[in-house]
Amino acid sequence: MTTTVPFFSTGDLSRELEAVGDVLHSGWLTTGSRAKLLEQRFAGACEADHALAVTSCTAALHLAVEALGLGPGDRVVVPSMTFGASAEVIRYVGATPVVVDVEPGTNLLSRRILERAVEDYGNIAACIVVHYGGQAPRMLGDEGLWDYCRERGIRLIEDAAHAFPSRSDAGPIGAVGDVACFSFYANKTMTTGEGGMLVTNDADLAARASIMRLHGIDRDVWDRFGAKSASWQYDIVAPGFKYNMPDVNAAIGVVQFGRAAGFRDDRQRVAEHYQRQLVDVAEVSLPLCDVPASWHAWHLFPIVLHQDAAVDRNGMIEALAERGVGTSVHYRPLHRMTYYRDTLNLDAQDFPNAEQTWQGCLSLPIYPSMTAEQVRHVTTSVRAVLGHSPPAHDG
């Protein structure tokens, strides 16, 4: 039987199913005790004071930029090599994205790139740093983003959609910076089906985001119905949003949180195999890991095909699909998206590193339930499409 490897699989969710059943039987389906428990555990893992469970990482990012008071006239730096949500939330509040290039090999923002943006544009109000693939850039010291932002008065928002659990040189993601935003989308490092988390050490920011995530109401729904005072007594203090995470989703998240460290270790196992078995394939650049491997969440394993490869990126995707291997692309950069290209007058020549990555990038499957046979099949298939023999051994 032919080996097939989907780009992603959730694996066994029997414990998550049981947890959802408990919520359904409880009769309380919206934000409640499970969401509170997930928030408490997540804040502890991030060594942060506050965590707010929300409906998506996009919701968390929107709450973050709103709570920081960003708006018209503010410039916010965002890397081109990211998903659209990182930039669209800037437009939600009327601020202006300053799209910048990334470092080669890691696709990360760096202090050097941010410094150049400040030189080119003058006042920068905030920076959204994307922990691409699950790896964080340097935060502290002469090359650190966080230290530079503090020196310049730039608010730092961490788009950590790929990055739980992972660390930077400053500790767990979420321990520094003004605010960090995580994703629990179906194929992320842990899932609630749909969901996200906002993490911060700023009490004022947390208070504002907490109010705005549920219609601008001054009392949490779980607190209202759990308190002795009448549940209908509340006030609307701002025109808020509808971003609260229901307990049905949070119940999945509580179970997934308990499995997250093991999931990360399993993904590292896959990443290490890919690195060993593809390192001699000259037509491919492997992702550069600039941190200890155990600090990397390994949400993605993106490779970049060189222009002299036997096939181009699209040809590789098709050839791997014929061999039963699913792939994806992360990402078509912002400077190539019609809205940002035309609205901000972006030129591909100004983004040489992101552009080079985009021309040949594809992401290989990397998820905890991959079998050894599936992992071998991926590397053997990549090698075969590029005209290389299978590796002599599995080491």
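Along the sequence shown, residues are numbered consecutively beginning with 1.
Within the 4.5 Å cutoff, side-chain heavy atoms of Pro97 are placed close to those of Val78. Under the 4.5 Å side-chain criterion, counting only non-hydrogen atoms from C-beta, Leu305 is in contact with Leu386. Residues Leu198 and Phe182 have side chains not in contact (no heavy-atom distance under 4.5 Å, counting atoms from C-beta outward). Considering only heavy atoms from C-beta on, Thr82 stays 4.5 Å or farther from Val102 through its side chain. For the pair Gln268 and His296, the minimum side-chain heavy-atom distance is 4.5 Å or more.
Between the side chains of Asp290 and Thr106, no donor-acceptor pair of N or O atoms lies under 3.5 Å. Side chains of Glu39 and His50: no donor on one and acceptor on the other come within 3.5 Å. In summary, the side chains of His330 and Tyr132 do not present any donor paired with an acceptor at a separation below 3.5 Å, with no hydrogens or angles considered. A donor and an acceptor atom, one from each side chain of Thr31 and Asn244, are located under 3.5 Å apart. Gln307 and Gln359 share no side-chain donor-acceptor pair at under 3.5 Å. A donor-acceptor pair shorter than 3.5 Å cannot be found between the side chains of His299 and Thr189. A donor-acceptor pair shorter than 3.5 Å can be found between the side chains of Asp12 and Ser14. Side-chain contact check for Ser166 and His131: no donor-acceptor pair (N or O, by modelled atom type) lies under 3.5 Å. Judged purely by distance below 3.5 Å, without hydrogens or angles, the side chains of Glu373 and Thr3 pair a donor atom with an acceptor atom.
Taking the six-membered ring for Trp and thresholds of 30 and 60 degrees, His335 and Phe351 have nearly parallel ring planes, at less than 30 degrees apart. The aromatic rings of Phe257 and Phe164 lie parallel to each other, with less than 30° between the two planes, well short of the 60° mark.
Among residues two or more places apart in sequence or in another chain, the side-chain contact (heavy atoms from CB on, under 4.5 Å) test is passed with Asn201 by Ala48, Asp49.
Between Phe83 and Tyr185, the distance from one ring center to the other does not fall under 6.0 angstrom.
Electrostatic pairing of Arg383 and Asp280 counts as a salt bridge here, judged by a charged N lying under 4.0 Å from a carboxylate O. Under the 4.0 Å criterion applied to side-chain N and carboxylate O atoms, Arg112 and Glu143 are not assigned as salt-bridge partners.
Cation-pi geometry between Arg313 and Trp358 is met: under 6.0 angstrom from the ring centre, within 45 degrees of the axis.
Residue Met212 holds its CE atom at 13.0 Å from CG of Leu52, rounded to the nearest 0.5 Å.
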